[in-house]
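Heads up: the structure comes next, in structure tokens.
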Amino acid sequence: GQVTFAIKDTTIDGLEIKANNYMALCEKKIVACVPDKLEALKNVLTNLVDEDSEIITLICGEDVTEEEQEAAQNYIEETFEDVECEVHIGKQPVYSFIIGVE
């Protein structure tokens with residue numbers, strides 16, 4: 001999954017996309033567009049994590065602050081208690097978060 005920044009207003013697959021909001025993508029499909037990147041991350045996780053999930057790998061992009069990274073890690077650890085969480089600072093452009101679930 002990914003979280004990325006919307007650059008223009010549009011509608012995709014019936015979902016209203018607003019410029020300056022964050023899009024939550026799961027398997028190349030936009031599942032949400034919200035004002036907050038952490039809220040977008042929560043949407044991705046809700047769509048990807050299931051009872052068979054064992055590991056969540058979170059790669060933080062260049063626009064993610066240390067506070068946002070800590071908030072994301074805390075959310076994952078508190079919400080998905082039975083899943084191991086790995087956080088990496090990737091500093092990638094375009095994607096605030098890249099999420100892998102195994």
Side-chain angles (χ1 to χ4, degrees):
Q2 299 94 16
V3 173
T4 190
F5 193 70
I7 58 172
K8 66 178 183 174
D9 291 349
T10 189
T11 301
I12 300 175
D13 295 332
L15 183 66
E16 191 173 332
I17 307 298
K18 293 281 190 190
N20 303 319
N21 279 357
Y22 291 88
M23 295 182 293
L25 293 91
C26 294
E27 300 176 12
K28 300 182 183 178
K29 182 177 189 243
I30 301 170
V31 296
C33 187
V34 294
D36 180 74
K37 70 179 85 159
L38 292 175
E39 191 63 34
L41 173 62
K42 291 175 185 180
N43 275 281
V44 172
L45 292 166
T46 299
N47 279 276
L48 292 181
V49 178
D50 62 24
E51 65 276 353
D52 295 327
S53 301
E54 295 179 0
I55 301 171
I56 297 171
T57 303
L58 181 67
I59 304 171
C60 300
E62 65 184 8
D63 68 324
V64 176
T65 66
E66 188 174 321
E67 292 80 19
E68 289 170 328
Q69 179 247 309
E70 289 175 10
Q73 184 170 357
N74 289 339
Y75 173 80
I76 292 168
E77 290 172 350
E78 291 169 8
T79 306
F80 308 102
E81 294 175 353
D82 296 331
V83 179
E84 183 181 336
C85 176
E86 297 179 359
V87 178
H88 302 279
I89 310 303
K91 295 194 184 277
Q92 68 274 4
V94 183
Y95 295 102
S96 300
F97 298 107
I98 298 174
I99 304 97
V101 178
E102 301 174 54

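Residues: numbered from 1 along the sequence shown.
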[X] side chain vs [Y] backbone, donor-acceptor pair below 3.5 Å:
| X | Y | answer |
| --- | --- | --- |
| Asp13 | Leu15 | no |
| Lys37 | Asp63 | yes |
| Thr4 | Val94 | yes |

Should [X] and [Y] be counted in the same cluster of Ile, Leu, Val, Met, Phe, Trp and Tyr side chains packed under 4.5 Å apart?
| X | Y | value |
| --- | --- | --- |
| Ile17 | Phe5 | no |
| Met23 | Leu45 | no |
| Leu38 | Ile59 | no |
| Val49 | Phe97 | yes |
| Val87 | Ile98 | no |

Point-to-point distance, once rounded to the nearest 0.5 Å, from [atom1] of [X] to [atom2] of [Y]:
| X | Y | atom1 | atom2 | value |
| --- | --- | --- | --- | --- |
| Asp82 | Glu51 | CG | CD | 11.5 Å |
| Ile76 | Leu41 | CD1 | CG | 5.5 Å |
| Leu25 | Tyr95 | CG | OH | 6.5 Å |
| Cys60 | Gln92 | SG | CD | 7.5 Å |
| Tyr75 | Glu68 | OH | CD | 15.5 Å |

Under 3.5 Å, is there a donor-acceptor pair linking the side chains of Asp50 and Ser53? yes
Indicate the atoms forming the closest heavy-atom contact of [X] with [Y], along with that distance.
| X | Y | answer |
| --- | --- | --- |
| Ala24 | Ala40 | CB-O, 3.4 Å |
| Gln69 | Val64 | N-CG1, 3.8 Å |
| Ala6 | Lys18 | CB-O, 3.3 Å |
| Ala19 | Asp9 | N-OD1, 2.6 Å |
| Val44 | Gln2 | CG2-O, 3.6 Å |
| Ala72 | Leu58 | CB-CD2, 3.8 Å |

Enumerate the ring pair (Phe, Tyr, Trp, His ring centres under 6.0 Å) contacts for residues 26-64, please, sequence neighbours excluded, ordered by first and then second residue. none
